Each structure stands twice: as C-alpha cells, then as structure tokens.
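So that we are looking at the same thing, I have put the structure below in structure tokens.
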Amino acid sequence: AKGATTAEKIPIPDQTEADIARDWHDYFNLIALPVIVAVTALNYDINLSRLSIAFTGSHFYLMWSFTLLYFMMDLIWVARVPICVKSPGV
C-alpha cells in the first residue's frame with residue numbers, strides 16, 4: 001500500500017505473558033549460572049603444564065552459599081511464576 005510504514009508491512013508476533021516470564025527467567029539464569037561456575041572453579045587447582053585438575057575445596061563454603069542462594073531464588077521464582085518454565089502440568 002502506498003504510504004505504508006515499515007511497522008505496517010512487517011507483522012510482529014505477539015508475545016504472551018508466558019513468553020515474557022520465560023525470557024526473564026532465562027536472563028536470570030544467563031547471569032546467575034556463570035557466577036556459580038566461576039565460584040565452583042575457585043575450588044579447583046588447575047595445572048595446565050601437567051594437565052592435572054584437583055579439587056581443593058579452598059572456597060567450598062563460598063560455593064555452597066552461592067549455590068544455595070541460586071537454588072532458593074530459582075525455587076521461589078518458579079513457585080511464584082510457574083509459567084516461567086515449560087513443563088507439563090502436575
């Protein structure tokens with residue numbers, strides 16, 4: 001059509017409330033999980049010259065605390081906003 005704007009020409013799919021909730025939960029995981037991995041890595045002695053990896057546990061309670069915090073936050077999030085995860089109804 002003559003004079004049509006770009007927004008009128010390209011259909012934009014509607015995002016449902018569940019899509020938005022899943023996106024926010026995914027963003028949370030994209031930030032939180034690398035932190036958990038990094039804190040876990042602090043507990044390992046990695047020697048590349050000898051190609052050895054050993055668990056030292058030097059930051060065990062830090063790792064334990066961050067992991068517990070992550071699981072509690074995720075559990076509360078999923079309990080309060082169950083549509084943020086794709087799962088069969090139970």
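On a predicted model such as this, the values are computed, not experimentally measured, just so you know. Numbering of residues begins at 1 and proceeds along the displayed sequence. Just so it is clear, the values below take in all heavy atoms, side chains as well, and ignore hydrogens, waters and symmetry mates.
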I'd like to check the side-chain contact (heavy atoms from CB on, under 4.5 Å) partners of L62; sequence neighbours left out, ordered by chain and number.
V39, L42, H59, F66
Connected hydrophobic set around V78, excluding itself, where side chains approach under 4.5 Å
V85
What pairs with T40 under side-chain hydrogen bond (donor to acceptor under 3.5 Å, both in side chains), at least two apart in sequence or on another chain?
none
Not counting sequence neighbours, which residues clear side-chain contact (heavy atoms from CB on, under 4.5 Å) with I46? List them please.
Y44, L48, I53
So which atom in I31 and which in V35 form the shortest heavy-atom distance, rounded to 0.1 Å?
O-CG2, 3.4 Å
Any donor-acceptor pair under 3.5 Å linking the side chain of S58 with the backbone of N43?
no
D23: what forms a salt bridge (charged side-chain N to carboxylate O under 4.0 Å, His left out) with it, not counting sequence neighbours?
none
Same apolar cluster: W24 and M72, side chain cutoff 4.5 Å:
yes
Please, which pairs that meet side chain to side chain donor-acceptor pair (under 3.5 Å) have at least one residue in residues 63-75, sequence neighbours excluded?
H25-D74, N29-Y70
Output all residues satisfying side-chain hydrogen bond (donor to acceptor under 3.5 Å, both in side chains) with D45, sequence neighbours left out; order by chain, then residue number.
none
Test of understanding: with side-chain contact (heavy atoms from CB on, under 4.5 Å), list the residues that count as partners of R50, not counting sequence neighbours.
N47, S52
Partner residues of Y61 under the ring-ring contact (aromatic ring centres under 6.0 Å, His included) criterion, sequence neighbours left out:
none
Applying side-chain contact (heavy atoms from CB on, under 4.5 Å), can you list everything that pairs with A21, at least two apart in sequence or on another chain?
V81, I83, C84
